[in-house]
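Take a look at the structure below.
Residue numbers begin at 1 in each chain, while the letters A, B, ... track the order of the sequences. No experiment lies behind these values; they were computed from the predicted model shown.
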There are 2 protein chains.
Amino acid sequence: MRSPCPICAALDLVGDKWSLLIVRDMIWLGKTRYNQFTDSPEHIPTNILADRLKRMERFGLIQSKPYQDNPPRHEYHLTDKGLELRPVLIEMIHWANKHIPGTITPPVPID
Amino acid sequence: MRSPCPICAALDLVGDKWSLLIVRDMIWLGKTRYNQFTDSPEHIPTNILADRLKRMERFGLIQSKPYQDNPPRHEYHLTDKGLELRPVLIEMIHWANKHIPGTITPPVPID
DNA sequence: CGGGATCCGTCTTGATACTG
DNA sequence: CAGTATCAAGACGGATCCCG
């Protein structure tokens with residue numbers, strides 16, 4: 001779907017069902033590790049999570065850093081590019097809170 | 001993916017590759033008719049377009065009004081709920097313009 | 001003729017079992 | 001516990017068909 005349209009371009013990177021939820025978990029809940037993401041109430045499948053983390057790193061939205069050698073483990077952090085998706089999410093929250101009954105702010109209460 | 005998270009809820013409605021592009025075409029280019037949407041440079045397949053229009057109407061994002069009887073034709077307009085996705089798109093545009101090279105504002109120049 | 005339904009091959013998803 | 005393999009189910013994309 002190449003096109004110079006910024007909305008398209010953005011959707012090519014984060015226009016799927018899961019990527020923005022991972023960003024949400026990182027921004028609002030400070031999550032950085034694999035099992036923290038699988039623990040979210042939406043229950044992202046593990047294969048999808050692994051794929052999205054790779055994809056988002058490839059796109060420069062997150063960066064993985066090792067924090068342990070044996071077994072090798074790493075944590076995932078947002079880059080500036082990823083962090084700056086925050087205003088997009090904020091507007092989504094406003095919109096949902098106004099138009100979709102049953103939504104709660106902040107986005108992810110401990111369940 | 002039910003959960004009270006507003007971001008989830010929003011993504012359930014417009015978290016796919018095409019819905020927000022249709023909204024974009026409506027907001028920025030004033031498009032209202034079937035063939036206008038298929039004419040966009042991203043070339044949405046007709047079956048997907050028909051499906052998304054139905055879906056978005058079901059979700060209350062758009063409303064279809066007949067403008068001709070024979071053959072029956074109608075045009076699609078954003079509801080307030082749909083219109084108010086504008087700030088979300090605006091933030092996406094800002095983000096893309098800043099972080100994805102090659103994107104242009106306004107989003108869809110006549111190609 | 002143009003909206004949009006149908007068909008079909010392909011790619012993606014989601015659940016879950018599995019491995020190191 | 002992080003990540004991969006497997007596989008069924010569904011979504012997508014393209015072509016074509018149909019109908020007013």
Side-chain angles (χ1 to χ4, degrees), chain A residues 1-3 5 7-8 11-26 29-59 61-77, chain B residues 1-3 5 7-9 11-23 25-26 29-59 61-77:
Chain A
M1 192 163 62
R2 271 308 93 202
S3 106
C5 165
I7 297 177
C8 279
L11 291 175
D12 282 342
L13 304 201
V14 296
D16 71 291
K17 216 167 82 183
W18 294 107
S19 300
L20 287 179
L21 292 181
I22 296 172
V23 175
R24 171 203 66 180
D25 281 357
M26 290 175 149
L29 303 175
K31 297 187 178 185
T32 61
R33 300 184 182 181
Y34 203 88
N35 68 331
Q36 294 181 309
F37 296 114
T38 58
D39 285 349
S40 286
E42 294 84 15
H43 300 107
I44 182 170
T46 62
N47 56 345
I48 305 277
L49 174 58
D51 175 79
R52 290 303 184 276
L53 289 173
K54 259 186 282 196
R55 232 176 91 93
M56 291 171 71
E57 180 162 28
R58 185 152 37 86
F59 291 152
L61 299 172
I62 64 178
Q63 195 172 9
S64 73
K65 303 178 187 171
Y67 68 89
Q68 163 183 307
D69 271 356
N70 207 295
R73 292 288 130 98
H74 35 306
E75 43 190 20
Y76 304 92
H77 291 273
Chain B
M1 192 163 63
R2 272 310 90 204
S3 104
C5 165
I7 297 178
C8 278
L11 290 174
D12 281 344
L13 303 201
V14 296
D16 71 292
K17 217 166 83 183
W18 294 108
S19 300
L20 287 179
L21 292 181
I22 296 173
V23 176
D25 281 358
M26 289 176 150
L29 303 175
K31 296 186 177 186
T32 60
R33 298 185 184 182
Y34 202 87
N35 66 333
Q36 295 180 307
F37 297 114
T38 58
D39 285 349
S40 286
E42 293 85 15
H43 300 106
I44 183 170
T46 63
N47 55 344
I48 306 275
L49 174 58
D51 175 79
R52 290 304 183 278
L53 290 173
K54 257 185 284 193
R55 230 178 91 93
M56 291 171 70
E57 180 162 29
R58 185 150 39 85
F59 291 151
L61 300 172
I62 65 178
Q63 195 171 8
S64 75
K65 302 178 190 170
Y67 68 89
Q68 162 183 309
D69 271 354
N70 208 295
R73 291 289 128 97
H74 33 308
E75 43 191 20
Y76 304 92
H77 293 273

Query raised in the report: Starting at CD of Gln36(B) and ending at C1' of dG2(C), how long is that distance when rounded to a whole Å?
Result: 13 Å
Query raised in the report: Would you say dT4(D) has OP1 or OP2 under 4.0 Å from some side-chain N or O of Tyr34(A)?
Result: no
Query raised in the report: Does Lys54(B) make a side-chain N or O approach to OP1 or OP2 of dG3(C) shorter than 4.0 Å?
Result: no
Query raised in the report: For the pair made of CG in Leu11(B) and P in dA11(D), what is the distance, rounded to whole Å?
Result: 17 Å
Query raised in the report: Side-chain N or O of His74(A) less than 4.0 angstrom from OP1 or OP2 on dG3(D)?
Result: yes
Query raised in the report: For Gln68(B) and dG2(C), what is the distance between atoms CD and P respectively, to the nearest whole Å?
Result: 12 Å
Query raised in the report: OP1, OP2 of dA11(D) versus side-chain N and O of Lys17(B): anything below 4.0 Å?
Result: no
**Report entry** Donor/acceptor link under 3.5 angstrom from Thr46(B) side chain onto base of dA5(C)
**Finding:** yes
Query - Cation-pi check, Arg33(B) onto Tyr67(B) ring (under 6.0 Å, within 45° of axis) - result: yes
Report summary line: Contacts of Asn47(B) and Pro72(B) projected onto DNA chain C by closest heavy atom; the upstream (5') one is Pro72(B)
Requested in this report: Considering non-hydrogen atoms only, spot the tightest contact between Glu42(B) and Leu21(B) and give its length.
Outcome: CG-CD1, 4.3 Å
Query raised in the report: Are any of Arg52(A)'s side-chain N or O atoms less than 4.0 Å away from OP1 or OP2 of dT12(C)?
Result: no
**Report entry** Atom pair CD1 (Ile62(B)) and CD1 (Ile22(B)), whose distance is rounded to the nearest 0.5 Å
**Finding:** 7.0 Å
Query - Atom pair distance, as rounded to whole Å: CZ in Arg55(B) and P in dA5(C) - result: 16 Å
Query raised in the report: Roughly how far apart are Leu61(A) CG and Leu53(A) CG, rounded to 0.5 Å?
Result: 11.0 Å
Query raised in the report: Side chains of Thr32(A) and Lys65(A): do they bring a donor and an acceptor to under 3.5 Å?
Result: no
Query - Separation of dG14(C) P from Glu42(A) CD (nearest whole Å) - result: 12 Å
Query raised in the report: Counting any heavy atom closer than 4.0 Å, what does Phe37(B) reach on the DNA or RNA strands: base, sugar-phosphate only, or nothing?
Result: nothing
Query - N/O (side chain, Trp18(A)) to phosphate O (OP1/OP2, dG14(C)) under 4.0 Å - result: yes
Query - Rounded distance in Å - CG (Asp51(B)) to P (dG14(D)) - result: 16 Å
Requested in this report: Starting from P on dG13(D), measure out to CG on Asp16(B) and report it in whole angstrom.
Outcome: 10 Å
Query raised in the report: Does dG3(C) have OP1 or OP2 sitting under 4.0 Å from an N or O in the side chain of Tyr67(B)?
Result: no
**Report entry** Rounded distance (Å) that lies between atom C1' of dC11(C) and atom CD1 of Ile48(A)
**Finding:** 12 Å
Report task. Respond yes when some side-chain nitrogen or oxygen of Asn70(B) is under 4.0 Å from OP1 or OP2 of dG20(D), and no when none is. Result -> no
